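Report on the following structure.
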Amino acid sequence: MRDYIKRIKELYQDKRYTATIDVAIFIILIFSFHFLYLGWQAVNFFPIAGLITKLFEEASTLLFNQSCWVLEHIFNIDFVTHKHTIGVINSNDTYSFINVAPECTSLKQWLHWLFLMILFPGPWKHKLWYIPAGLVVIEWINVVRVVGITLCMIPFPNHFDFFHDYLFKTLFYFFIFIMWLIWVEVFVHRKKKDNN
């Protein structure tokens, strides 16, 4: 096993393989966490289910309030609300409703980010500020997602599933990938580039 790890370290030092190994580590960490999260979810977030439930509720209230603020103050959209539901008049002159449920929060993506950044190589002096900055970015991406879905429901009221499941969900992982890429290029491999 030690020889195997030594060989991987040697390959990682070789500039020809560094990018491939970085992407492989990224993919392994993202998929590993995804399945760990699904397993944890299956056991109802044992042993801290109460804390997670409260976090989901608080985060969904925050997301709802942030999204309503953006719709009102940036897009000047007329909408109605009830609890955590946003309603907008669509192109059919009926209402489209978007429910900001606890499952809509970016908790899973926050945990993805933490898992990825804690386990991925790099200097801790930068991780201490880069990880929280990434969490803030992920939260605002989620606001963009809710606002974007709401705005898309105005002209396309029958396409909620497409916007929710495909377009805007992909946005999360695209930005996580971009933030990770910045991490790798600016903080992990900068010293190597400076030495060459």
Side-chain angles (χ1 to χ4, degrees), residues 26 29-31 33-38 40-42 44-45 48-117 129-183:
F26 174 83
L29 290 174
I30 287 290
F31 279 102
F33 179 79
H34 175 73
F35 291 109
L36 285 170
Y37 184 86
L38 290 178
W40 192 34
Q41 190 177 35
N44 196 28
F45 302 107
I48 56 171
L51 177 65
I52 296 296
T53 299
K54 181 134 180 76
L55 184 58
F56 270 132
E57 290 168 1
E58 294 293 327
S60 66
T61 299
L62 177 66
L63 177 60
F64 173 78
N65 291 335
Q66 291 168 332
S67 301
C68 288
W69 189 92
V70 170
L71 286 167
E72 182 179 355
H73 293 94
I74 295 179
F75 290 100
N76 199 26
I77 296 291
D78 289 328
F79 60 93
V80 296
T81 61
H82 177 69
K83 297 185 180 178
H84 284 166
T85 301
I86 302 169
V88 289
I89 296 177
N90 60 40
S91 58
N92 296 335
D93 286 329
T94 61
Y95 274 96
S96 289
F97 294 99
I98 294 84
N99 182 31
V100 183
E103 298 79 27
C104 297
T105 65
S106 47
L107 176 64
K108 182 181 178 189
Q109 288 75 23
W110 293 340
L111 293 174
H112 251 120
W113 178 247
L114 285 169
F115 185 82
L116 174 67
M117 290 304 296
W129 66 266
Y130 198 73
I131 291 172
L135 295 174
V136 171
V137 169
I138 289 168
E139 176 62 20
W140 281 101
I141 291 167
N142 204 16
V143 172
V144 167
R145 183 178 75 97
V146 172
V147 169
I149 292 169
T150 304
L151 294 175
C152 288
M153 290 300 93
I154 296 170
F156 306 109
N158 300 322
H159 294 86
F160 174 82
D161 290 338
F162 170 76
F163 292 115
H164 180 271
D165 296 341
Y166 300 103
L167 185 64
F168 287 102
K169 192 173 279 188
T170 304
L171 195 66
F172 266 129
Y173 294 100
F174 173 75
F175 274 95
I176 288 173
F177 177 76
I178 294 299
M179 290 189 300
W180 168 81
L181 192 60
I182 292 168
W183 173 255

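Since the structure is predicted, the reported quantities are computational estimates derived from the model, not experimental observations.
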Measuring only between side-chain heavy atoms, which start at C-beta, is [X] closer than 4.5 Å to [Y]?
X: Ile52; Y: Trp40; result: yes
X: Ser96; Y: Phe160; result: no
X: Phe115; Y: Leu36; result: yes
X: Val88; Y: Leu151; result: no
X: His164; Y: Arg145; result: yes
X: Phe64; Y: Thr81; result: yes
X: Met179; Y: Val137; result: yes
X: Gln41; Y: Lys108; result: no

| All ring pair (Phe, Tyr, Trp, His ring centres under 6.0 Å) counterparts of Phe175, not counting sequence neighbours | none
If every non-hydrogen atom of [X] is compared with every non-hydrogen atom of [Y], which pair is closest and at what distance?
X: Thr85; Y: Asn99; answer: OG1-OD1, 3.3 Å
X: Gly134; Y: Trp113; answer: CA-NE1, 3.5 Å
X: Val147; Y: Ser67; answer: CG2-O, 3.7 Å
X: Pro157; Y: Asn92; answer: CG-ND2, 3.4 Å
X: Met153; Y: His159; answer: CE-C, 3.8 Å
X: Ser91; Y: Pro155; answer: OG-O, 3.4 Å

| CA sep, side-chain torsions, deciding dist, call: Asn90, Thr94, side-chain hydrogen bond (donor to acceptor under 3.5 Å, both in side chains) | CA-CA 6 Å; Asn90 60 40; Thr94 61; 3.1 Å; yes
| request: Please list all pairs passing the salt bridge (Lys or Arg N to Asp or Glu O under 4.0 Å) test where one or both residues lie in residues 159-177, with sequence neighbours left out. | output: none
| said: Tyr95: which residues meet the side-chain contact (heavy atoms from CB on, under 4.5 Å) condition with it, sequence neighbours left out? | reply: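 Expected list: Val80, Ile89, Phe97.
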| What residues form a side-chain contact (heavy atoms from CB on, under 4.5 Å) with Phe174, not counting sequence neighbours? |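 With sequence neighbours excluded, Phe174 shows a side-chain contact (heavy atoms from CB on, under 4.5 Å) to Ile178, given in chain and number order.
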Would you compute the distance between atom [atom1] of [X] and atom [atom2] of [Y] and round it to the nearest 0.5 angstrom?
X: Leu111; Y: Phe33; atom1: CG; atom2: CZ; value: 4.5 Å
X: Trp180; Y: Met117; atom1: CH2; atom2: CE; value: 10.5 Å
X: Phe35; Y: Ile30; atom1: CZ; atom2: CD1; value: 12.0 Å
X: Phe172; Y: Ile141; atom1: CZ; atom2: CD1; value: 7.0 Å
X: Leu114; Y: Ile131; atom1: CG; atom2: CD1; value: 6.5 Å
X: Trp140; Y: Leu63; atom1: CH2; atom2: CG; value: 9.5 Å

| field | Aromatic ring pairing Phe163/Phe156, orientation class (parallel under 30°, perpendicular over 60°, tilted between) | value | tilted
| request: May I ask you to check whether His112 and Tyr37 place their ring centers less than 6.0 Å from one another? | output: no
| Which residues satisfy the salt bridge (Lys or Arg N to Asp or Glu O under 4.0 Å) test with Glu58, sequence neighbours excluded? | Lys54
| message | With side-chain hydrogen bond (donor to acceptor under 3.5 Å, both in side chains) as the rule and sequence neighbours excluded, what pairs involving residues 68-77 come up? | response | Trp69-His73
